[in-house]
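So that the names make sense, note that chain A is the first sequence line, chain B the second, and so on, each numbered from 1.
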Protein chains: 2
Amino acid sequence: METKDLKQAGLKATLPRIKILSLMEENTVRHVSAEDVYKTLLESGEDLSLATVYRVLTQFEQAGLVTRHHFEGGHSVFELNEGGHHDHILCVKCGRVDEFVDAVIEERQQKIAAEKGYDMTDHSLYIFGICQACQKL
Amino acid sequence: METKDLKQAGLKATLPRIKILSLMEENTVRHVSAEDVYKTLLESGEDLSLATVYRVLTQFEQAGLVTRHHFEGGHSVFELNEGGHHDHILCVKCGRVDEFVDAVIEERQQKIAAEKGYDMTDHSLYIFGICQACQKL
DNA sequence: CTCTAAATGCGAACGATTCTCATTAACCTT
DNA sequence: AAGGTTAATGAGAATCGTTCGCATTTAGAG
Ligand SMILES: [Mn+2]
Ligand SMILES: [Mn+2]
Ligand SMILES: [Zn+2]
Ligand SMILES: [Zn+2]
């Protein structure tokens, strides 16, 4: 239950937070913008503010519940943290998103950071291309 | 001479374009924002509009003269195209930027795209960390 | 049930980028 | 070299995602 998850993350179990978290726990959505969350909840009859959606998603990020991605186009996309780190491959035609993990790449990044004298904290990797479906159009 | 480069790229050799291109050809700047370009040129006594800087940089990008990077923080950073493709490692403390190319990573990305059925067009990879200098603070 | 700090809603503010439109400048033609 | 055509520019308004400020509400401890 979301109330538990929230308290565990050190967050009060408020109505907006419960609604947003349960929406993100539905496996029908994996990569959503704040606007997506806002509109979906409005359509479900919930009444909340877009500013709150932004605030809550940022808190979720800080609490480690979600990850914020900077997909192209200026707007952020959020994803529930489950199943661990992974990178993304996106279709530039239709916006489809697939996920992958590559141990070799992960390891090489560590090596590069070390060579350059950096203490690596994070990385972001996006592959862009045209998905199978869009290639046939 | 910049006039030549511009014509070759199919662009009229206007004053703003010449100024911006020569600024970017100085090896004192490698990764600059539109704002950086604008302020630097103003300080050099040039008189031009920020809107023009944005327009020109976008045209340069389309003409293949520069590459636009989406470093974190919402704003774009531009870099003259010379020396070919490379990726970046950034210090999250001081903003330092280093460059690298890793053949293994490049190749793996191709493989991943192929496996997922994508026709890969591009990729973006940023490693974040703390640079040597900042580790000592 | 009460109280207090924290969370919310609303609209204003924000910062990077783009757009509109009147004015200016490139450069092709005489 | 001068003129005309058309694209480029300057100035500021507009846009868009996101954040802020502040009055109001609510969660949760006592
Ligand atoms: Mn994902
Ligand atoms: Mn670079
Ligand atoms: Zn597609
Ligand atoms: Zn540093």
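Between the CD1 atom of A/Ile20 and the C1' atom of C/dA7 there is a distance of 12 Å, rounded to whole Å. To the nearest angstrom, C1' of C/dT17 lies 12 Å from CG of B/Leu57. What separates NE2 of B/His70 from C1' of C/dT17 is a distance of 12 Å, to the nearest Å. For the pair B/His75 NE2 and C/dC14 P, the interatomic distance rounds to 19 Å; values are reported in whole Å. In this structure, NZ of B/Lys19 is placed 13 Å from C1' of C/dA25, rounded to the nearest angstrom. Distance, B/Arg17 CZ to C/dA25 C1': 11 Å, rounded to whole Å. In this structure, A/Leu11 places its CG atom 19 Å from P of D/dT26, rounding to the nearest Å. Atom CD of A/Glu35 and atom P of D/dT18 are 9 Å apart (whole Å).
Between A/His69 and A/His75, the ring centre distance reaches or exceeds 6.0 Å. Aromatic rings of B/Tyr126 and B/Phe71 (six-membered ring for Trp) have centroids within the 6.0 Å cut-off, being under it. The aromatic ring centres of B/Phe100 and B/His88 sit 6.0 Å or more apart.
Checked against D/dT9, C/dA7, C/dC27, the side chain of A/Thr14 finds its nearest nucleotide in C/dA7. With distances taken from any side-chain atom of B/Ala51 to the nucleotides C/dT17, D/dT9, D/dG12, the minimum falls on D/dG12. Of the candidate nucleotides C/dT17, D/dA11, D/dT19, D/dT19 has the atom lying nearest to any side-chain atom of A/Arg68. Taking the side chain of B/Pro16 as heavy atoms from C-beta on, and the options D/dA11, D/dT9, D/dG17, the nearest nucleotide is D/dT9.
Map B/Ser76 and A/Ser49 each onto its nearest nucleotide of DNA chain C; the residue landing nearer the 5' end is A/Ser49. Each of B/Thr52 and B/Lys12 lies near DNA chain D, and the nucleotide nearest B/Lys12 is the one positioned closer to the 5' end. Comparing B/Arg55 and B/Ala13 along DNA chain C, the residue whose closest nucleotide (by nearest heavy atom) sits nearer the 5' end is B/Arg55.
Under the 4.5 Å side-chain criterion, counting only non-hydrogen atoms from C-beta, B/Thr67 is not in contact with B/Glu61.
No side-chain donor from either of A/His31 and A/Asp36 sits under 3.5 Å from a side-chain acceptor of the other.
Across all strands, B/Ser33 comes closer than 4.0 Å to no nucleic acid atom at all (heavy-atom distances). Using a 4.0 Å heavy-atom criterion, one finds that B/Ala34 contacts no nucleic acid atom at all.
At C/dT18, none of the side-chain N or O atoms of B/Tyr54 fall inside 4.0 Å of OP1 or OP2 (strictly under the cut-off).
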